[in-house]
Each structure stands twice: as C-alpha cells, then as structure tokens.
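Here is the structure we will look at, set down as structure tokens.
In what follows, every heavy atom counts, from backbone to side chain, and hydrogens, waters and symmetry copies are set aside. On a predicted model such as this, the values are computed, not experimentally measured, just so you know.
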Amino acid sequence: MLPYLVTSNEDSVALLELEDGRFQMLEQGQVAQFASGYQYLLVDRALAKYLKSLKVPQITFAPAVVFSRTTGKEHRSHTRVFVHQHFYPDDIKALALDGMQMFAMNGEHFFVSPSLKFALEANEFSYLQFSEGLSGFAGAAS
C-alpha cells in the first residue's frame with residue numbers, strides 16, 4: 001500500500017511567500033482551493049475545517065493572506081497547512097500509513113494515507129485529485 005499524491009484540478013496563479021508571511025500573487029487570476037508550491041500548502045476554509053475535525057496528526061494551521069500587488073488587495077479566503085511529516089522519494093514504500101495521515105515530499109508535494117483519501121473523497125472535495133504513490137510524476141516508478 002502506498003500514499004496518494006494530492007493535487008487540484010483547478011488552475012491557480014503562482015504565489016510567492018513574502019518575508020512578512022503573506023503570499024503575493026505573481027499574476028492576476030484565482031488561487032485554487034488547494035494551492036501548493038515550494039514550502040507551502042494553502043487550502044480553502046472548508047477543507048481546513050474538515051481536516052481539523054478529523055484531527056489529522058502532524059499538521060497545523062495558520063491564517064493565510066494572499067496579496068495582489070496590482071490591486072493592493074489582501075484576500076483571507078485560505079488557510080495555510082503545515083505538514084510536519086516529511087519523506088524522500090526512496091522512502092515511500094516504508095511509510096506507516098495507518099489512520100488519517102498527511103505527508104510532504106521534497107517540501108512541495110503532498111500525500112495522504114488511504115484512509116484520509118477515502119474520507120476526502122466521501123466529503124465531495126471534487127477539486128482534489130489523487131494518484132497512488134509516485135505515479136503522478138512523469139517517468140517515475142512507484
């Protein structure tokens with residue numbers, strides 16, 4: 001059994017974390033409900049609330065501010081998720097996947113245990129996509 005890579009089927013603008021902790025939009029557009037990049041994961045409030053209700057271990061939450069330099073507006077529609085369980089690609093087959101768990105690989109790819117995947121699918125977060133193991137990476141063997 002392998003963890004599942006979580007991605008979004010929504011397009012999202014690129015974000016840059018600023019020194020003050022805000023995220024600057026690098027172009028005009030929408031921030032996906034599940035927006036990930038190097039060293040960050042932002043999710044919409046509904047998903048953050050659901051993850052909190054499941055008491056997923058080794059993750060914490062903080063308010064997120066998304067800033068548009070073009071308009072000068074700040075948006076507070078997302079929550080930042082800090083994932084404290086990390087692994088390297090070579091370790092994927094050795095992960096303990098019991099219960100509801102979330103993992104980060106290389107600081108920018110987020111994986112969930114099978115139990116958490118099924119819980120997320122059952123609650124109709126239809127913008128989330130899942131691929132088992134490393135199959136979501138081109139040319140990768142899982």
What are the two closest non-hydrogen atoms of A35 and S12, and how far apart are they?
-> CB-OG, 4.0 Å

Evaluate the criterion side chain to side chain donor-acceptor pair (under 3.5 Å) for residue pair D44 and Y127; output intermediate values, then yes/no.
-> CA-CA 11 Å; D44 71 316; Y127 55 88; 2.7 Å; yes

Is there side-chain contact between N9 and F34, with at least one heavy-atom pair below 4.5 Å?
-> no

Is the cationic atom of K52 (NZ for Lys, CZ for Arg) positioned less than 6.0 Å from the six-membered ring centroid of F61 and within 45 degrees of its normal?
-> yes

Worked verdict on F67 versus M25 for side chain to side chain contact (heavy atoms under 4.5 Å, CB included) | CA-CA 6 Å; F67 173 69; M25 299 170 67; over 6 Å; no

Could you go step by step and tell me if T70 and Q28 meet the side chain to side chain contact (heavy atoms under 4.5 Å, CB included) rule?
-> CA-CA 8 Å; T70 305; Q28 287 303 112; 3.5 Å; yes

Taken to the nearest 0.5 Å, the spacing of S131 OG from K117 NZ works out to 10.0 Å

List the atom of M102, the atom of V56, and the distance in Å for their closest heavy-atom pair.
-> N-CG1, 4.1 Å

Hey, are the side chains of I59 and L51 touching, using non-hydrogen atoms and a 4.5 Å cut-off?
-> yes

Smallest heavy-atom separation, A62 atom then T79 atom, equals O-CG2, 3.4 Å

Is a side-chain N or O of E10 found less than 3.5 angstrom from the main chain of Q33, in a donor-acceptor match?
-> yes

Same cluster for V43 and L116 if Ile/Leu/Val/Met/Phe/Trp/Tyr side chains link at under 4.5 Å?
-> yes

Ignoring hydrogens and angles, tell me if any N or O in the side chain of D11 forms a donor-acceptor pair with the backbone of G29 under 3.5 Å.
-> no

Could you go step by step and tell me if F23 and V65 meet the side chain to side chain contact (heavy atoms under 4.5 Å, CB included) rule?
-> CA-CA 6 Å; F23 290 87; V65 177; over 6 Å; no

Gap separating the CZ atom of F87 from the NZ atom of K93, nearest 0.5 angstrom = 12.5 Å

Nearest 0.5 Å, what's the CG-CD distance between L18 and Q24?
-> 5.0 Å

Under the 3.5 angstrom rule, does the side chain of S113 hit a backbone N or O of G99 as a donor-acceptor pair?
-> yes

Just how far is it from atom CG of L5 to atom CG of L134, taken to the nearest 0.5 Å?
-> 8.5 Å

Any donor-acceptor pair under 3.5 Å from R45 side chain to R76 backbone | yes

Is the Y50-F125 ring centre distance short of 6.0 angstrom?
-> yes

Out of curiosity, does M105 fall in the hydrophobic cluster containing V6 (side-chain heavy atoms, cut-off under 4.5 Å, transitive links)?
-> no

Taking all atoms of both residues into account, what is the closest heavy-atom pair of Y38 and E108, and its distance?
-> CA-CB, 3.7 Å

With the 4.5 Å side-chain cut-off for hydrophobic clustering, are F111 and L95 part of the same group?
-> yes

Same cluster for L54 and F130 if Ile/Leu/Val/Met/Phe/Trp/Tyr side chains link at under 4.5 Å?
-> yes

Go through the steps for S68 and H75 under the test side chain to side chain donor-acceptor pair (under 3.5 Å), then give the verdict.
-> CA-CA 8 Å; S68 171; H75 306 277; 5.7 Å; no

Any side-chain donor-acceptor pair under 3.5 Å between Q101 and Q58?
-> no

Any side-chain heavy-atom pair of S77 and V66 under 4.5 Å = no

Using a strict 4.0 Å threshold on nitrogen-to-oxygen distance, state whether E27 and R69 make a salt bridge.
-> no

Hey, mind stepping through L15 and V31 against side chain to side chain contact (heavy atoms under 4.5 Å, CB included) and telling me if it holds?
-> CA-CA 8 Å; L15 299 171; V31 178; 4.2 Å; yes

Atom pair CG (L16) and CZ (R22), whose distance is rounded to the nearest 0.5 Å = 11.0 Å

Heavy-atom closest pair (P114 atom, L97 atom, distance to 0.1 Å) is CD-CB, 4.0 Å

Here the pair of heavy atoms bringing F110 nearest to G37 is CE1-O, 4.5 Å

Cluster overlap L128 with L42, hydrophobic side-chain contacts below 4.5 Å | no

